[in-house]
Amino acid sequence: QVQLVESGGGLVQAGDSLRLSCTDSGRTKSLYGMGWFRQAPWKAREFVATISWGGRNTGYTDSVKGRFTISRDNVKSTVYLQMNSLKPEDTATYYCAGSRVNTLSEDQSTYTYWGQGTQVTVSS
């Protein structure tokens with residue numbers, strides 16, 4: 001049974017870095033396309049980054065390009081989001097999402113499985 005568990009969030013200052021992790025605790029190894037999304041207070045959930053099964057193909061929303069890096073370790077059933085040069089506007093709850101389809105997608109409806117979220121707060 002797929003169960004996505006995020007970790008790594010916290011309170012940091014602008015310019016700091018964080019690395020988020022998302023592990024399929026069920027070790028199903030059945031998730032191919034993976035993505036990270038975020039939701040700030042009073043805003044809709046938005047796409048952040050996506051990665052294909054092999055990790056060779058990735059995609060990012062414009063506001064995080066050059067600062068965030070998505071990667072994965074399929075042996076550990078874990079996807080990472082390395083976040084550098086954090087800004088106050090990056091403050092949000094971050095969710096990982098998984099699909100049984102090997103795809104790069106910004107569309108939330110592509111993803112069947114979601115984690116519970118991890119809070120990232122960036123102070124100025």
Side-chain angles (χ1 to χ4, degrees):
Q1 180 175 341
V2 174
Q3 185 171 3
L4 298 178
V5 180
E6 301 104 332
S7 62
L11 171 63
V12 297
Q13 293 186 332
D16 286 350
S17 298
L18 280 175
R19 188 176 79 157
L20 306 183
S21 300
C22 171
T23 299
D24 174 8
S25 61
R27 295 288 196 266
T28 63
K29 299 194 183 299
S30 64
L31 297 180
Y32 296 95
M34 297 293 295
W36 284 97
F37 292 79
R38 66 186 180 186
Q39 187 169 19
W42 312 110
K43 293 186 177 180
R45 189 162 57 185
E46 65 175 1
F47 165 75
V48 176
T50 181
I51 188 167
S52 61
W53 165 248
R56 187 171 299 180
N57 298 308
T58 58
Y60 300 90
T61 191
D62 286 346
S63 63
V64 308
K65 285 180 181 177
R67 299 189 299 123
F68 290 12
T69 303
I70 188 171
S71 61
R72 67 191 298 166
D73 182 336
N74 290 333
V75 173
K76 296 181 178 179
S77 298
T78 299
V79 176
Y80 304 98
L81 185 68
Q82 177 67 44
M83 306 186 296
N84 298 329
S85 302
L86 282 162
K87 303 176 181 180
E89 51 262 44
D90 295 317
T91 295
T93 301
Y94 284 71
Y95 300 89
C96 74
S99 170
R100 294 185 187 269
V101 177
N102 187 21
T103 182
L104 292 175
S105 178
E106 302 179 12
D107 184 352
Q108 297 182 46
S109 66
T110 301
Y111 300 94
T112 304
Y113 303 96
W114 292 81
Q116 82 290 349
T118 185
Q119 178 66 36
V120 172
T121 303
V122 184
S123 63
S124 58

For [X], what residues pass the side chain to side chain donor-acceptor pair (under 3.5 Å) criterion, not counting sequence neighbours?
| X | answer |
| --- | --- |
| S109 | D107 |
| K65 | D62 |
| S21 | none |
| D73 | none |

Q.
Has T93 got a side-chain atom pairing as donor or acceptor with Q119's backbone, closer than 3.5 angstrom?
A. no
Q: For T78 and K76, indicate whether the former's side chain and the latter's backbone hold a donor-acceptor pair under 3.5 Å.
A: yes
Residues clustering with [X] (ILVMFWY side chains joined when closer than 4.5 Å, directly or via others):
| X | value |
| --- | --- |
| Y32 | W53 |
| V101 | none |
| F37 | F47, Y95, Y111, W114 |

If you look at every heavy atom in [X] and [Y], which pair is closest and at what distance?
| X | Y | value |
| --- | --- | --- |
| V122 | T91 | N-OG1, 2.9 Å |
| I51 | R72 | O-NH1, 3.7 Å |
| A14 | P88 | CB-CD, 4.1 Å |
| I70 | V79 | CG1-CG1, 3.9 Å |

Let me confirm one number: the [atom1]-[atom2] distance from [X] to [Y], rounded to the nearest 0.5 Å.
| X | Y | atom1 | atom2 | value |
| --- | --- | --- | --- | --- |
| L81 | M34 | CG | CE | 11.5 Å |
| N102 | N57 | CG | CG | 8.5 Å |
| D16 | L86 | CG | CG | 7.5 Å |
| K87 | S63 | NZ | OG | 8.0 Å |

Under 3.5 Å donor-acceptor pairs involving side-chain atoms of residues 3-13, not counting sequence neighbours:
| residue | atom | partner | partner atom | Å |
| --- | --- | --- | --- | --- |
| E6 | OE1 | Q116 | N | 2.9 |
| E6 | OE1 | Q116 | NE2 | 3.4 |
| E6 | OE1 | G117 | N | 2.8 |
| E6 | OE2 | C96 | N | 2.9 |
| E6 | OE2 | G117 | N | 3.3 |

Q: Using salt bridge (charged side-chain N to carboxylate O under 4.0 Å, His left out) as the criterion, list what pairs up with R45, not counting sequence neighbours.
A: none
Q | Partner set under side chain to side chain contact (heavy atoms under 4.5 Å, CB included) for E46, not counting sequence neighbours | A | R38
Q. Taking only residues two or more places apart in sequence or in another chain, which ones pass side chain to side chain contact (heavy atoms under 4.5 Å, CB included) with S17?
A. Q82, N84
For the residue pair [X] and [Y], establish whether any side-chain heavy-atom pair is separated by less than 4.5 Å.
| X | Y | value |
| --- | --- | --- |
| V120 | L20 | yes |
| Y94 | C22 | no |
| D24 | Y113 | no |

Q. Is Y60 reachable from Y80 through a run of hydrophobic residues whose side-chain heavy atoms are each under 4.5 Å from the next?
A. no
